[in-house]
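In what follows, a structure is listed as structure tokens, so that the remarks can point back to it.
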Amino acid sequence: MVALVAVGGLRLALPHNLSVGPDWLLLAIVGVLVAFYALARYLKNDALCAVLGYILVAIVTADMALSLGLLVAALPTHKESSIDLLRSAAALWITNIVVFASWYWRLDAGGPNARELRGVHTDGAFLFPQMTLDQQAKRAMGEECCIPGFIDYLFLAFNTSTASAPTDSPVLSRWAKVLMMIQSLISFTAVALLAARGVNIL
């Protein structure tokens, strides 16, 4: 939730004409939904938490896609300054990482609640290094009950956006492969096209 609020804040880095509605709109929407999510967590309503989580990530994803589309469409007009383009490319690149990390975290192996209830992570869309250790090695490293957290998926998403491939966790499921291809494409668009255009203007 903190990561998604940060994404709402990153939207403020975009020029006004490259976003729909007021600059603060996404941050306000995310803030309200996070408040409801916190209440649902307090009431231990896991089903409502899951629904609100999906809604939050979907809204942030749609806003990112819309902003990226508006930014790419604005390139031929040459109206944006180089500083605005570079700042927008950086904001969208970081947003891309956080958004897809949120999707991986929410979808892998039934979601965070299902992974927590199982107590150990042995099967999922990604093969984390801890999953390949034998029981003796896991005990020696204190990884008997290894459950990937948000940082693990953030690291995976960062690698995908930086190297256009996971560096330590092979992808096993088809839905994850599709998402990672989309993430790499967005990262390429934000960095290769927008940043290159901004540097060219300088």
Side-chain angles (χ1 to χ4, degrees), residues 1-16 18-71 87-117 121 124-126 128 147-162 166 169 175-176 178-187 189-191 194:
M1 297 301 104
V2 172
L4 293 179
V5 170
V7 168
L10 281 171
R11 189 180 191 262
L12 300 175
L14 297 177
H16 180 69
L18 296 180
S19 56
V20 177
D23 294 338
W24 49 265
L25 181 61
L26 179 64
L27 188 58
I29 293 173
V30 170
V32 169
L33 288 174
V34 165
F36 280 113
Y37 183 90
L39 179 60
R41 288 281 293 174
Y42 177 76
L43 298 174
K44 301 186 186 304
N45 191 331
D46 294 331
L48 182 57
C49 283
V51 170
L52 288 172
Y54 282 117
I55 291 174
L56 267 166
V57 181
I59 288 174
V60 173
T61 303
D63 184 79
M64 177 188 68
L66 184 58
S67 295
L68 183 64
L70 290 173
L71 198 52
R87 188 174 67 242
S88 300
L92 286 171
W93 186 76
I94 296 171
T95 298
N96 184 43
I97 292 172
V98 176
V99 164
F100 279 90
S102 299
W103 278 119
Y104 303 147
W105 179 76
R106 189 152 292 284
L107 294 173
D108 187 30
N113 190 52
R115 292 193 301 270
E116 189 72 27
L117 289 175
H121 187 68
F126 307 99
F128 290 101
I147 302 172
F150 184 76
I151 294 297
D152 296 299
Y153 295 100
L154 185 64
F155 180 72
L156 179 69
F158 178 82
N159 289 335
T160 302
S161 283
T162 305
S169 303
W175 68 260
V178 171
L179 282 186
M180 295 187 85
M181 286 190 290
I182 294 172
Q183 183 190 351
S184 295
L185 180 62
I186 293 173
S187 179
T189 302
V191 175
L194 304 181

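Hydrogens, waters and symmetry mates are skipped; everything else that's a heavy atom, side chains included, is used.
At distances below 3.5 Å, at least one donor-acceptor pair connects side-chain atoms of Asp108 with backbone N or O atoms of Ala125. Of the possible donor and acceptor atoms, none in the side chain of Asp63 sits under 3.5 Å from a partner among the backbone N and O of Val60.
Rounding to the nearest 0.5 Å gives a distance of 12.0 Å between CD1 of Ile186 and OG1 of Thr160. Taking CG of Leu107 as the start and CG of Leu179 as the end, the distance is 6.5 Å to the nearest 0.5 Å. Interatomic distance, CG of Leu27 versus CG of Leu10, reported as 10.0 Å (0.5 Å rounding). Separating the CD1 atom in Ile29 from the CG atom in Leu25 is a distance of 4.0 Å, to the nearest 0.5 Å. The structure places CG of Leu68 at 8.5 Å from CG of Leu185, a figure rounded to the nearest 0.5 Å. A distance of 12.5 Å separates CD1 of Ile151 from CG of Leu156, quoted to the nearest 0.5 Å.
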Side chains of residues 89-104: which donor-acceptor pairs under 3.5 Å do they make with residues two or more places apart or in other chains?
from, atom 1, to, atom 2, distance (Å)
Trp93, NE1, Ser187, OG, 3.1
Thr95, OG1, Ala91, O, 2.7
Asn96, ND2, Ser161, OG, 3.2
Asn96, ND2, Gln183, O, 3.1
Ser102, OG, Val98, O, 2.9
Trp103, NE1, Thr61, OG1, 2.8
Tyr104, OH, Gln183, OE1, 2.7

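At a threshold of 4.5 Å between non-hydrogen side-chain atoms, the residues Leu43 and Leu39 count as touching.
Considering every non-hydrogen atom in both Leu52 and Ala40, the closest pair reads CD1-CB, 4.4 Å. Scanning all heavy atoms of the two residues, the minimum distance from Arg106 to Cys49 falls at NH1-O, 4.3 Å.
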(request) Kindly indicate, with the supporting measurements, whether the criterion side chain to side chain contact (heavy atoms under 4.5 Å, CB included) is fulfilled by Val34 and Val2. (result) CA-CA 9 Å; Val34 165; Val2 172; over 6 Å; no

